[in-house]
Amino acid sequence: MKEMEAIVLAGGYGGRMESFALERQKCLLPIEGKPVLGHVMEALVAAFGSVDLKIGIGFKGEQVIDYVNHNKPGKVTVTYVPHLPGTEGWGIYKDMRQFVRGKFVATPGDIIALPNAYEEVIFKFDEYNVDAAMTLSPDLEAADTHGIGRMENPCQKKPDFGK
């Protein structure tokens, strides 16, 4: 399989994490002895084999760079894309677009998904021929802390599979 491009957002403040994220970037908090970002990278490699990773960094970005440089799987290339505070979320996607060449997977750096979830997003992307698709939960009511969105070409009607 061709190398998959992936955007990972790893620059948020972790405000809802309170004291847990004061000293460490929230994507580096451990789950089962490994930072969440490590699980994300492994799942992307398990799903696609080779990954061209663009990591959006902001708050405590130097910690993210240090961790990834020392722990990235062998089939991962990395570009770090700094962003200004206040552009987290949708703003960083806009800033990162210039670094993406084609079809890509986008994911927060602080949420672990199984490899088949990433594969399913790409399958739906291809099946419905949409410009982009993103979700963090199949239950829209349960995804109350992160945005859910889909970008379409406004000149062309696409199937609506997100409702």
| request: Identify the two heavy atoms, one from Ala10 and one from Val64, that lie closest to each other, and give their separation to 0.1 Å. | output: O-CG2, 3.7 Å
| task | Under the side-chain contact (heavy atoms from CB on, under 4.5 Å) rule, collect the residues that match up with Ile65, sequence neighbours excluded. | result | Ile57, Asn69, Tyr80
| field | pair Val8-Val40: side-chain heavy atoms closer than 4.5 Å | value | yes
| Glu5: side-chain contact (heavy atoms from CB on, under 4.5 Å) partners, not counting sequence neighbours | Asp52, Lys54, Val100, Arg101, Phe104
| query | What are the two closest non-hydrogen atoms of Pro30 and Arg24, and how far apart are they? | reply | CD-NH1, 3.2 Å
| query | Would you say the side-chain atoms of Asn71 pair up with the backbone N or O of Tyr67, donor to acceptor, closer than 3.5 Å? | reply | yes
| Basic-acidic side-chain contact under 4.0 Å: Lys34, Glu42 | yes
| Nearest-0.5 Å distance that lies between atom CE in Met41 and atom CG in Leu37 | 4.5 Å
| message | Could you check whether any side-chain N or O of Glu3 sits under 3.5 Å from a backbone N or O of Thr77, counting only pairs where one atom can act as donor and the other as acceptor? | response | no
| Hydrophobic cluster identity match, Ile31 and Val45, side-chain contacts under 4.5 Å | yes
| said: How close do Ala43 and Pro115 get, counting heavy atoms only, and between which atoms? | reply: O-CB, 3.6 Å
| task | Any chance you could measure Leu9, atom CG, to Thr107, atom OG1, to the nearest 0.5 Å? | result | 8.0 Å
| Could you state the interatomic distance from CG (Leu44) to NZ (Lys72), rounded to the nearest 0.5 Å? | 14.0 Å
| Is Ile55 close to Val68 at the side-chain level, that is, under 4.5 Å between some pair of heavy atoms? | yes
| query | Hey, does Gln63 have a side-chain heavy atom less than 4.5 Å from the side chain of Pro35? | reply | no
| field | side-chain contact (heavy atoms from CB on, under 4.5 Å) assessment of Val36 paired with Leu28 | value | CA-CA 6 Å; Val36 174; Leu28 299 178; over 6 Å; no
| field | Any donor-acceptor pair under 3.5 Å from Gln25 side chain to Lys60 backbone | value | no
